[in-house]
Every structure is written in C-alpha cells, then in structure tokens.
Amino acid sequence: MGTGKRVSRWAAVAAAGSLLAGCAAPAARQVRPVSDASGMRTVDAGAVPGMGTVTRSRADGRRHYFAAYPEIPGARPLSAALARAQDERIAPFVAATEDARPLPGGDVPELNGRWSLVAADGDVAGVRLVTTEFLGASGGEYRRTLWYDGAARRVLGSAALLDGARGLAGLAGLVRARLGTRADPSRITADPRAFGSIAFNDAGGMVVEFSDHTVAPGAPGRVAAVIERGAYDRLLSRFGRRARDAAGHRHPGLRLGAPPAAPHAVAATGTPPPAARTDCTKARCVALTFDDGPGPYTARLLDDLAARRARATFFVVGDNARVYQDLLRRQVAEGHEIGNHAQSHRDLSRLTAVQVNSEVQRTQDVVRTATGRAPVLLRPPYMASSEAVAGVARSLGVRQTGWNLDALDAHDRDPAAIADRVVRRARPDSIVLMHDVNEASARAVPRIVDRLAAAGYTLVTVSELPPGRG
C-alpha cells in the first residue's frame, strides 16, 4: 500500500534544508478514480453553531488508531450512535492486533475513522463515517451513513430512507442494474443491512455506496451506484423525502433546539500576548506542542496559557480545525503557532504523493482561511514519513517537525502524573509532545508551565527554538 521507502521517525524530523535532500517522490500507484456523480454532497460543518468533535486515538508499537465523530447541538442521540459506530470498528481492530506479529518493513496496523456531514437542515442531519483499516496483507474501507430525525429524536440507518420492503426491493433492482458486472448481483438484496451508506449528490441523485469486499469481494475499492431522482423518488419513505430535501441545502440551517454556548467559542481573555519572540540561544526554552486538536478542552488550555503569558504550538487536524475555526484565530491572536497535522490523521507514509498532497494542502487551506496565514511546520501523524511526504513538504514550503520529549499523556487520566513526567525530563530546547483532545493533558498545563517557569524556563513556540531541534 505504500508509495516508497518509509523514513524513520528521527530522519523525518531533520531540518527542511537537509530533510531527505535529493529524494524524488516515487511514482504513485494507480487509484481508481471516483466519478463526480458518485461523490456525496457535503455540508460545511464549521458553519453549524455549537458544533464540536470527539476524538479517540492511540499510538503504540502494536497499533495506531484515530477515530473522530461530530457532536451536533440538539442531537445527543446521534452523538451516542456515532460513538457506538466508531467503537464497533475500534474494538475488533484492537482485538485483532493484540498479539499480532510485527508487519514487514516496520509498518504498524492502522485504523482511521473520519466523518463528513452530508445533510444539516431543518430537523434532519446526516453523518457519513469512513473507516480505513490497514492490517498488512488485509484491510479496506468500511462506509456507513447515519441519519437523525430531529422531530422524533431518533437515529436511523440509511435503509430508513426507503419505504419498507417495497422501497428496498425497488432500490436493490436499480442498484443491480446500475452496477452491472462491477458487483455480484446476488449480494445486492432487499436486506436493510445491505444498504449501510446512502446519501445524495450535488445533482440530487441518490448515491448508494458499499464497503470494500461486500458486493465486489474480489476487487477492493469503493463501489457506488448513482440513481437519478426520477427513478428513486417513488421508493422513498416519508423521512427519506425529508432527508433528500435537507441534503439539497449546502448551507446548514439546523433547527434542533437552541444550541448551547459552544465551549470552544470562548473569547480571548484580553491578557496581552507575551513578547513576540524569545532568543533561545540565550534563554532556557521549552516548547509545548499539542497534537490532534482543536477539541473541547482547547479553549480552557488557552485560558491557562494566556494567564501565564506562555506560548505553545498546536499541530491541528484539518477536519477538527474546520469545526473550531474561532479557536484557530484565538491561537494566532494570543501569540501561539499553528502547525499542520494532516487533514484526517492518516499514516501519510502509506499514501500516494497525490493523497499526501491532499491531506497536507487541505489543512493548509483551512488554517489560512481562518487565520490569514498557512502553517510552516508539518508533523505527520505518528511521525510516519516517506519520500513522498518529504517531497510534498518541500513543494509546500513546510518543515517536518517531531519532538524529543513525549509526555505519554494520550491515555493518562492523571494531570499530576503528566506534569511530573514533563517537568522531570525537561531540558533546554525540549519539544514536548502532548494532546489537547485529552482533558487530563489540558488540566496538566498550568502545573507544567508554573513549575518550568520556577525552574527558569521560558515557554515558546517551536519556530523560536534554534534550528535542528526536535
């Protein structure tokens, strides 16, 4: 699945000028394109008032996983269902990798769960989940779209868009005809379980997609059928018609009750930011860095940093950053640095150069749109780099940056233990890896900053450290 030589963690964090110098990106493997018609219409989640995200992740020597889902105000049952849906993918992945042998070439099994909003209007919302698994010789993508009926306050599977057995039978026949030899017709039945992901495209057509190895077991890759409105309209349930209409509105206008005050919308404290830059050749400097956010605890973390006039660097995931654009603006206003942590937190070392460019460039665009400036630092998820990643980094003018002190905070629920670990191991020019999607990490920050300051350290951004650190 890779596109070239995998680069070690510490080779990947060398300075931009020397990073894999002279290595050309390898030829990308061929990826079967998905036609525009089979692409599902998506809604800008950042435009939904009060929207939040939840992230579940783990990285160790046996496995990597990262799964996120949205929390839509007024749709608590949907949030619970999305959490269960992610757990249903994570639990068997963890079990399958518990005693697995190391993969060839140093690869680590990976699960990545990402989401998109396919409808958000009136009292209807739709969320599409895509889970990619890599297990070495096996893996693939699992696709599921859940719908929320705000009037009834219930979560529905995609099959609920159809009018019972009649609608399912009619759709199965249409899908078999559209797919032809691209699928095994015997696998496309009127069973509701066969239709796990249904949404709509920009032209109003119905898109019916399937997980890998389900309707075309011998051919990995996305299989999707597009049904024109004139053919599917008569098959819709009453809710299906509401979902179709909601999906036709690109700009969200949800009415699920008054949204609560978003915790991430907390305004800046008004505390003046620290001095623009510290000379770390003279001062004892430490750079706190936070991966995977923004998230529900980032605002409180910013409050604590502002109160202490300390700066940090936030390596943001593009999908989260799009939801929390107000926090990006606050980070810049208060003197912090924003780095790029890819759009969906996939292991970039296994992607083609085109896919890597998309993951990195989309996050560059999100940050630039929100703040007026694009990141100059890139931290590949899991610090997994490759020749293709290095080539994209050079082309975009960003420097790959790692860390030299891991707070080991991702699954630690004890703020005091996290703080003790960081302070005990800190040295001049330490770059500390932390995660602002972990509540205990955010709660540990005041103790870390206060104790480091008492020891004579200044908290700075990564770009303030002398070149070559990390």
From CD (Glu337) to CG (Leu377), nearest 0.5 Å: 4.5 Å

Pair Arg222 + Glu209: basic N to acidic O under 4.0 Å: yes

So Phe314 and His336, would you call those rings parallel, tilted or perpendicular, with 30° and 60° as cut-offs? perpendicular

Tell me if the CZ atom of Arg76 is crowded by more than 12 foreign heavy atoms within 6.0 Å. no

Salt bridge check: are Glu98 and Arg62 linked by an N-O gap of less than 4.0 Å? yes

Provide the closest heavy-atom pair for Ser430 versus Leu465 in the form atom of the first, atom of the second, distance. O-CD1, 4.3 Å

CG on Asn357 to CG on Leu351, rounded to 0.5 Å: 11.5 Å

When you compare the side chains of Thr97 and Arg63, does any donor N or O come within less than 3.5 Å of an acceptor on the partner? yes

Check whether any side-chain heavy atom of Met434 lies under 4.5 Å from a side-chain heavy atom of Ile448, and answer yes or no. yes

Main chain of Ala299, side chain of Tyr324: is a donor-acceptor contact present, judged purely on distance under 3.5 Å? no

Report yes if some heavy atom in the side chain of Val422 is under 4.5 Å from a heavy atom in the side chain of Val286; otherwise report no. no

Begin from the C-alpha positions of Glu359 and Val392 and carry the test side-chain contact (heavy atoms from CB on, under 4.5 Å) through to its verdict. CA-CA 10 Å; Glu359 282 279 323; Val392 168; over 6 Å; no

Can you check whether Arg300 reaches Glu439 side chain to side chain, under 4.5 Å on heavy atoms? yes

Carefully, step by step, assess Leu111 and Thr131 under the rule side-chain contact (heavy atoms from CB on, under 4.5 Å). CA-CA 7 Å; Leu111 179 144; Thr131 306; 3.7 Å; yes

Is it true that Asp303 and Arg330 have a side-chain N and a carboxylate O under 4.0 angstrom from each other? yes

Once you round to the nearest 0.5 Å, how far does CZ of Arg41 lie from CZ of Arg128? 15.0 Å

Within the structure provided, determine whether Phe134 and His64 are in side-chain contact (heavy-atom separation under 4.5 Å). no

Applying the side chain to side chain contact (heavy atoms under 4.5 Å, CB included) criterion to Trp403, which one of Val432, Leu433, Val462 satisfies it? Leu433

Identify the residue among Val360, Thr352, Val354 that makes a side chain to side chain contact (heavy atoms under 4.5 Å, CB included) with Val356. Val360

Heavy atoms, side chains only, cut-off 4.5 Å: are Phe66 and Thr55 in contact? yes

Test side-chain contact (heavy atoms from CB on, under 4.5 Å) applied to Thr278 and Arg311, step by step: CA-CA 10 Å; Thr278 298; Arg311 288 190 297 277; 3.4 Å; yes

Contact between Val316 and Leu328 at the side-chain level, heavy atoms closer than 4.5 Å - yes or no? yes

Gln361 side chain to Ser358 main-chain N or O, any donor-acceptor pair under 3.5 Å? no

Taking side chain as C-beta onward, heavy atoms only, is Met51 less than 4.5 Å from Pro252? no

Asp304 bridged to Arg443 by N-O distance under 4.0 Å: no

Test: Asp406 and Arg421 ion pair at under 4.0 Å: no

Taking all heavy atoms of Leu256 and all of Gly150, pick out the closest pair and write down the distance. CD2-CA, 3.7 Å

Kindly give the heavy-atom pair with the smallest separation between Ile418 and Asp409, and that separation in Å. CD1-CB, 3.8 Å

Residues Arg368 and Asp365: closest non-hydrogen pair is NH1-OD1, 2.9 Å

As an exercise, state the distance from CG of Asn320 to CG of Asp436, rounded to the nearest 0.5 Å. 9.0 Å

State whether the side chain of His435 and the backbone N or O of Asp291 hold a donor-acceptor pair below 3.5 Å, judged by distance alone. no

Cation-pi check, Arg284 to Tyr457: give yes when NZ or CZ is under 6.0 Å from the six-membered ring centre and within 45° of the ring axis, no otherwise. yes

In Å, rounded to the nearest 0.5 Å, how long is the span from CZ of Arg144 to CD of Gln86? 10.0 Å

Are a donor atom and an acceptor atom from the side chains of His345 and Asn112 found within less than 3.5 Å of each other? no

Does Thr401 use its side chain to pair, donor to acceptor, with the backbone of Arg399 at less than 3.5 Å? yes

Give a yes or no answer on whether the side chain of Arg154 reaches the backbone of Pro77 with a donor-acceptor pair at less than 3.5 Å. no

Point-to-point distance, once rounded to the nearest 0.5 Å, from CZ of Phe315 to CD1 of Ile338: 11.0 Å

Enclosure of Arg425 CZ (heavy-atom neighbours >12, cutoff 6.0 Å): yes

Scan side-chain atoms only and decide if Thr132 and Arg114 contain a donor-acceptor pair under the 3.5 Å cut-off. yes

Least distance between heavy atoms, Asp412 atom then Asn438 atom: O-ND2, 3.3 Å

Is it the case that the side chain of Glu141 and the backbone of Gly221 share a donor-acceptor pair, with hydrogens and angles ignored and the cut-off at 3.5 Å? no

Taking Asp347's backbone N and O only, do any of them form a donor-acceptor pair with Glu110's side chain (distance below 3.5 Å, no angle check)? yes

Arg143 side-chain N/O to Phe210 backbone N/O, donor-acceptor pair under 3.5 Å: yes

Okay, side chain of Thr53, backbone of Tyr69: is any donor-acceptor separation there less than 3.5 Å? no

State whether the side chain of Ser349 and the backbone N or O of Ala384 hold a donor-acceptor pair below 3.5 Å, judged by distance alone. no

Please determine whether side-chain contact (heavy atoms from CB on, under 4.5 Å) holds for the pair Val94 and Arg58, giving the CA-CA distance in whole Å, both sets of side-chain angles, and the decisive distance to 0.1 Å. CA-CA 10 Å; Val94 169; Arg58 188 176 190 89; over 6 Å; no

Any idea which heavy atoms bring Trp147 and Ala243 closest together, and the distance? CZ3-CB, 3.6 Å

Does some side-chain heavy atom of Ser385 sit less than 4.5 Å from a side-chain heavy atom of Gln400? yes

